[in-house]
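Note that these values count all heavy atoms, side chains included, but never hydrogens, waters or copies made by symmetry. Proteins come first, then strands; the chains are lettered A, B, ... in the order of their sequence lines, and each starts at number 1.
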Number of protein chains: 2
Amino acid sequence: MDQQFTMTDDILKRNKLSVTDGRKKILGLFLARDGALAHADIEKFTGEMFDRVTVYRTLQTFVEKGIVHLIPTTDNSILYALCKENCEEGHHHDNHVHFICDVCTKTICLDDVTIPKVKLPKGFTPNHSEMMVNGVCSDCK
Amino acid sequence: MDQQFTMTDDILKRNKLSVTDGRKKILGLFLARDGALAHADIEKFTGEMFDRVTVYRTLQTFVEKGIVHLIPTTDNSILYALCKENCEEGHHHDNHVHFICDVCTKTICLDDVTIPKVKLPKGFTPNHSEMMVNGVCSDCK
DNA sequence: ACTAAATTTGCAATAATGTTGCAACTTTTA
DNA sequence: TAAAAGTTGCAACATTATTGCAAATTTAGT
C-alpha cells in the first residue's frame with residue numbers, strides 16, 4: 001500500500017498533474033482492478049468522498065494525459081481503463097483487444113492480443129481500429 | 001416513395017409490429033441513409049412530429065426485433081444501424097466491421113468486411129466480436 | 001365495414017447523467 | 001513561506017432517459 005501510494009504519485013507527477021487525494025484515490029481504484037470502470041462505478045467506490053464533478057473532471061484529465069483510455073460500449077456509458085503494460089509510459093494504449101465477460105461483466109484489456117488489420121472496400125482509408133470480444137473470462141471459466 | 005412506403009410496411013409486418021406513422025418515418029430515415037443514427041439525430045429529423053418517448057420506444061423495439069443493431073461508441077451515445085444486406089431477413093447482423101469517418105463522422109456498416117478471429121489468452125472463451133475502424137470514407141476521400 | 005381486443009402513443013412526472021462558472025482551497029514553485 | 005498555478009466543491013442548469021397511465025390508433029374477427 002505504501003508501494004501503491006508512491007505508484008499513484010509517480011504516475012501523476014510523470015504526467016505533470018498535481019497530486020491530490022481525488023486523483024490518487026481514483027488512480028488507485030484502477031490499479032487495484034484488472035477491469036475497466038465507468039463513472040458510476042467510481043462514484044460507488046468513492047461514495048461521498050468527492051464531488052461528482054471532481055470525478056468527471058479527473059477522468060477527463062486522465063484521458064487527456066493518456067493515463068486511461070476509453071473503451072467503446074453499446075449502452076450509453078463511457079468505460080475507462082488503465083492498461084496493464086503501458087500505462088506507466090503513458091502512450092501506445094491503442095492496439096489491443098478488449099474483452100467483456102458475459103458472466104462477471106468486467107471489461108478487461110488483453111494487452112497481448114493485437115487487433116488484426118482488415119481489408120477495407122475501395123476508397124476507405126483506415127486510421128485506427130477498436131475491437132471488443134465478449135464471452136467468458138479466465139476467472140469465470 | 002410509394003416504393004419506400006411499402007418497404008417500411010413490409011419490414012414492420014414481417015416483424016409483427018403495428019404499422020404506425022412513427023415507425024414508418026423512423027424506419028424510412030434508416031432506409032434513406034447509409035450511415036448509423038443516434039437518438040438525437042432522429043429527433044432532429046422528426047422534429048415535433050413525435051414525442052421523445054416514442055422515439056426511444058421505437059428504437060428499443062427495433063433493436064429487440066433485430067431490425068436495427070447497436071454500434072459501440074466511446075462517447076456516451078447509442079448508435080443504431082440498419083444493415084444494408086440482411087435487415088430484410090431480420091437476423092445475422094453480427095459479423096461485419098463498422099467504419100467511422102473522421103471527416104463526415106458518419107458510421108457505416110461494412111457488410112462485406114467480416115470481423116477476423118483472434119487468438120485469446122488461456123481461459124478466455126469468445127462468443128461474439130465487434131470491430132470498429134475509423135479513418136476516411138469513400139465519400140470524403 | 002364495424003367492433004372488440006391489442007397495441008401504441010403522448011403527457012406528466014421523475015430520475016439519472018453531464019456541464020459550466022466561480023469562489024475557496026490546495027498544491028507547486030522558487 | 002509566499003505568490004502563482006492548479007484543483008475542488010457548490011450551485012445552477014442542461015441534457016438524456018425511464019415509468020405509469022389514459023387516450024388514441026391499429027389489428028383481427030365477424
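Atom-to-atom, CG of A:Leu59 to C1' of C:dT17 comes out at 13 Å; the value is rounded to the nearest Å. In this structure, NZ of B:Lys25 is placed 14 Å from P of C:dG10, rounded to the nearest angstrom. Atom NZ in B:Lys13 sits roughly 14 Å away from atom P in C:dT8 (whole-Å rounding). B:Asn76 places its CG atom 7 Å from the P atom of C:dT19, with the value rounded to the nearest Å. In this structure, A:Ile42 atom CD1 and C:dA16 atom P are separated by 19 Å, rounded to whole Å. In this structure, the CG atom of A:Asn15 is 18 Å from the P atom of C:dT27, given to the nearest Å. Put simply, CD on B:Gln60 is 18 Å from P on D:dT16, counting in whole angstrom units. The interatomic distance linking B:Glu43 (CD) with D:dA17 (C1') rounds to 11 Å, in whole Å.
Not counting sequence neighbours, A:Tyr80 has no partner by the ring-ring contact (aromatic ring centres under 6.0 Å, His included) test. For B:Phe50, there are no ring-ring contact (aromatic ring centres under 6.0 Å, His included) partners two or more places apart in sequence or in a different chain. Not counting sequence neighbours, A:Phe30 has no partner by the ring-ring contact (aromatic ring centres under 6.0 Å, His included) test. Remark: A:Thr114 engages no residue in a side-chain hydrogen bond (donor to acceptor under 3.5 Å, both in side chains) (not counting sequence neighbours). For A:Arg52, the salt bridge (charged side-chain N to carboxylate O under 4.0 Å, His left out) partners are A:Glu43, not counting sequence neighbours. With sequence neighbours left out, A:Lys106 forms a salt bridge (charged side-chain N to carboxylate O under 4.0 Å, His left out) with A:Asp34.
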Quiz item: Based on Watson-Crick and G-U pairs with both distances under 3.5 Å, what dot-bracket line describes DNA chain D 5' to 3', crossing pairs as [ ] and inter-strand pairs as |?
Solution: ||||||||||||||||||||||||||||||

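Note on residues 103-124 of chain A: pairs passing ring pair (Phe, Tyr, Trp, His ring centres under 6.0 Å), not counting sequence neighbours, are A:Phe124-B:Phe99. The list of side chain to side chain donor-acceptor pair (under 3.5 Å) pairs with a residue in residues 132-141 of chain B, not counting sequence neighbours, reads A:Thr125-B:Lys141.
Hydrophobic cluster membership of B:Val103, counting Ile, Leu, Val, Met, Phe, Trp and Tyr whose side-chain heavy atoms lie under 4.5 Å apart directly or via other members: B:Val136.
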Between the protein and nucleotides 1-4 of chain C, which nitrogen or oxygen pairs come in under 3.5 angstrom?
none

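Between B:His39 and B:Val19, the one whose closest nucleotide on DNA chain D sits nearer the 5' end is B:His39.
Considering only heavy atoms from C-beta on, B:Lys24 comes within 4.5 Å of B:Val19 through its side chain.
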Quiz item: Which parts of nucleotides 4-10 of chain D does protein reach within less than 4.0 Å, heavy atoms only, written one letter per nucleotide 5' to 3' as B for base, S for sugar-phosphate only and - for none?
Solution: --SSBBB

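Atom CE in B:Met132 sits 8.5 Å away from atom NE2 in A:His128 (nearest 0.5 Å).
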